[in-house]
S.K.: 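Quick one: the structure is below, questions incoming.
Note that the numbering runs from 1 along the sequence shown for the chain. Computation of the quantities below employed the complete heavy-atom set of this structure, encompassing side-chain atoms and omitting hydrogens, waters and symmetry-equivalent molecules.
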Amino acid sequence: MNAVQLFLLGRALMRMGEEALPTVGLNLSPVGVRSSMVVAADIDEHPGTSVREIAERTGLVQSLVSASVARLRDAGVVVTETDPNDRRRTLVRHAPDKSPREMEVEGIPVDHAVISAFHAGDDEEAAQVVAALETLSARLATDALPRFRAGLQRGPGVSRG
C-alpha cells in the first residue's frame, strides 16, 4: 500500500461512516456531518477550547466550526461557557453526560454501510469486514474519541461468523 492508497482508504472509510450516521431531522449535508464529527473529535482531544482554536487545529473555517458547535450544542453533545479569564471568548467542552443523540449514534450498527461499500453478499462477509475494521480501529485509535470508545464495540445487527 502506498500513501495515495492509504489516503483513499481513509476517504472511503469516512464516506462509510457518513452513510452509517443517522441524519434524520438534522438537515445536514455530508459536509455538515463531516465537519461536526471533526469538531467533536477535536473537542474530545482539547476540552475547554475556543471556536478559533478548533478552527486553527482542524483547518476548518471558523464559520463552519461555529455552525458545527451550534449543532452539537443543540443536540446536547457539547456545552459552551464564557471564558472566565477573557469574557470575549466562548469555551466549548463535551456535556458532562452523554446526550440521547450520542447514545443513539453509538447503538447503530454499521453493517448496512459495510454491505453497501464492499458489496458484501451476506451477513457473514459483512461481519468479517466489520471485525477487520474494529481491529484497525483498536490499533490506530486507542486515544481518539475516548468518549465514543465504548460505543465502538459491535452493535446489534452484525454477528461474527
S.K.: Should Thr80 and Thr90 be marked as a side-chain hydrogen bond (donor to acceptor under 3.5 Å, both in side chains) after you check the CA-CA gap, both sets of side-chain angles, and the distance that decides it?
M.R.: CA-CA 6 Å; Thr80 58; Thr90 299; over 6 Å; no
S.K.: Report the distance from atom CG of Leu13 to atom CE of Met16, rounding to the nearest 0.5 Å.
M.R.: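 These two atoms lie 6.0 Å from each other.
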S.K.: Against Ile43, only a single residue in Leu91, Val77, Val78, Val38 fulfils side-chain contact (heavy atoms from CB on, under 4.5 Å); can you say which?
M.R.: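 When side-chain contact (heavy atoms from CB on, under 4.5 Å) is applied between Ile43 and each of Leu91, Val77, Val78, Val38, only Val78 qualifies.
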S.K.: Report the C-alpha distance between Leu64 and Val39 in whole Å, list the side-chain angles of each, state the deciding distance to 0.1 Å, and finish with yes or no for side chain to side chain contact (heavy atoms under 4.5 Å, CB included).
M.R.: CA-CA 9 Å; Leu64 192 55; Val39 168; over 6 Å; no
S.K.: Report the C-alpha distance between Met14 and Met37 in whole Å, list the side-chain angles of each, state the deciding distance to 0.1 Å, and finish with yes or no for side chain to side chain contact (heavy atoms under 4.5 Å, CB included).
M.R.: CA-CA 10 Å; Met14 185 170 52; Met37 292 300 294; over 6 Å; no
S.K.: Should Val51 and Val79 be regarded as members of a common hydrophobic cluster, given that ILVMFWY residues are connected when their side-chain heavy atoms come within less than 4.5 Å of each other, either directly or indirectly?
M.R.: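 No, it is not one cluster - the side chains of Val51 and Val79 are not joined through contacts under 4.5 Å.
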S.K.: Could you state whether Leu9 and Val130 fall into the same hydrophobic cluster, counting links through intermediate Ile, Leu, Val, Met, Phe, Trp or Tyr residues with side-chain heavy atoms under 4.5 angstrom apart?
M.R.: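 Looking at the clustering, Val130 is in the same group as Leu9.
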S.K.: Test of understanding: with salt bridge (charged side-chain N to carboxylate O under 4.0 Å, His left out), list the residues that count as partners of Arg89, not counting sequence neighbours.
M.R.: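 Counting only residues at least two positions away or on another chain, Arg89 forms a salt bridge (charged side-chain N to carboxylate O under 4.0 Å, His left out) with Glu53, Asp83.
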S.K.: Quick one, Asp74 with Arg71, criterion side chain to side chain contact (heavy atoms under 4.5 Å, CB included). Give me CA distance, side-chain angles, the key distance, then yes/no.
M.R.: CA-CA 5 Å; Asp74 290 348; Arg71 280 189 208 102; 5.8 Å; no
S.K.: Do any N or O atoms from the side chain of Gln5 and from the backbone of Asn2 form a donor-acceptor pair under 3.5 angstrom?
M.R.: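 The answer is yes, because a donor-acceptor pair under 3.5 Å joins these two groups.
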S.K.: To the nearest 0.5 Å, how far apart are CG in Leu60 and OG in Ser68?
M.R.: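 OG of Ser68 is found 7.0 Å from CG of Leu60.
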S.K.: Taking all atoms of both residues into account, what is the closest heavy-atom pair of Met103 and Lys98, and its distance?
M.R.: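 For Met103 versus Lys98, the nearest heavy atoms are CE-O, 3.8 Å.
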S.K.: To the nearest 0.5 Å, tell me how far Arg73 CZ sits from Ser99 OG.
M.R.: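 Rounded to the nearest 0.5 Å, the CZ-OG separation comes out at 13.5 Å.
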